[in-house]
Amino acid sequence: MSMTNTPISAAIDDAPLISRTLARAFGDDPMMRWFFPDDATREAGLGRYFTTIFTRQYVHHAVCERTDAAAAFWAPPEAQAKAVPDAETIQELQNILGDQAALFRGAVETAAEHTPQEPHWSLAVIGADPAARGQGHGAALLRSGLAKADAAGLPVYLESSKKSNLPFYEHFGFTVREELRLPQDGPTLWSMWREPRRPAEL
């Protein structure tokens, strides 16, 4: 079966596909391996984690797009306050994370302290199934979201805990803004920033 890498808007019915895709995409991510240290249960835990944040937060308030093998969640300025987890979502995430919930809280708080205050688009999540890497799924989703931010004349902010992904983002005009060490001997988090471009510059 051939897979298309053309971005389409994600709906709540896409939750099983999106959670499965992102669980596979983040299986080797240093921060997610820190949150879910057990190799045997990591993919299932990640699936529940991404199902929760997608169905309770991002699908309702953010710009969510997918291909057949990747997904991305973007938060424009007007969506960022609404995309913050409510109390029930936080409780559900803590139940999923179990003993690692305190690490998660510390990471979220640290990142929040360094979030830019000026209006911007935020790339909250992007990931492609490793089985489809190299087929342009992630790049197609990145271009789609960047085009929307550029049309609004706004910069874009993201955070990555995987150093090997930095050149991919740099190719699309991002630069490293800060290098953060997460508390409790957590992994390094790189914050990245991209100024808006005119369409001809993409």
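Heavy atoms only: backbone and side chains are in, while hydrogens, waters and symmetry mates are out.
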Give the minimum heavy-atom separation between [X] and [Y], together with the two atoms involved.
X    : Y    : result
F172 : F168 : CD1-O, 3.2 Å
W34  : Q184 : CZ2-O, 3.8 Å
L17  : D68  : CD1-O, 4.1 Å
T89  : T52  : CG2-CG2, 4.0 Å

Does a donor on one side chain sit under 3.5 Å from an acceptor on the other, for S191 and H114?
->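 No, no side-chain donor-acceptor contact under 3.5 Å.
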Side-chain heavy-atom pair Q80, H120 within 4.5 angstrom cut-off =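 In short, these two side chains touch, coming nearer than 4.5 Å.
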Within-4.5 Å side-chain heavy-atom neighbours: F50 and M32 =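 Yes, at least one pair of side-chain atoms sits under 4.5 Å.
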Please lay out, stage by stage, how E43 and R48 fare under the test salt bridge (charged side-chain N to carboxylate O under 4.0 Å, His left out).
-> CA-CA 9 Å; E43 188 169 322; R48 291 174 62 204; over 6 Å; no
Mind checking salt bridge (charged side-chain N to carboxylate O under 4.0 Å, His left out) for R56 and listing every partner two or more places apart, or none if nothing turns up?
->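 If we apply the salt bridge (charged side-chain N to carboxylate O under 4.0 Å, His left out) test to R56, skipping adjacent residues, the hits are D86, E88, E92.
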When you look at CG of D39, are more than 12 heavy atoms from neighbouring residues, nucleotides or ligands closer to it than 6.0 Å?
->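 More than 12 within 6.0 Å, yes.
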Check whether [X] reaches the backbone of [Y] with its side chain - one donor and one acceptor, N or O, closer than 3.5 Å.
X    : Y    : value
S144 : A140 : no
Q57  : T55  : no
R66  : P7   : no
H60  : Y58  : no
R197 : D150 : no
R24  : P130 : no

Is a salt bridge present between K162 and D28, judged by a nitrogen-to-oxygen distance below 4.0 Å?
->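 Answer for the salt bridge query: yes.
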Is the shortest side-chain N to carboxylate O distance from E170 to R194 below 4.0 Å?
->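 No, E170 and R194 are not salt-bridged.
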Would you check if the distance from the ring center of F35 to the ring center of Y49 is below 6.0 Å?
->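 Centroid separation for F35 and Y49: 6.0 Å or greater.
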Hey, any chance F73 and V63 share a hydrophobic cluster, counting ILVMFWY side chains that come within less than 4.5 Å of each other, even indirectly?
->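 No: no chain of side-chain contacts under 4.5 Å links F73 to V63.
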Pick one: which of P76, P119, P196 meets side chain to side chain contact (heavy atoms under 4.5 Å, CB included) with L154?
->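 Output: one option passes, namely P119.
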Kindly give the cluster partners of W193, where membership spreads through any ILVMFWY side chain lying under 4.5 Å from a current member.
->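 Hydrophobic cluster check, W193: joined to Y157.
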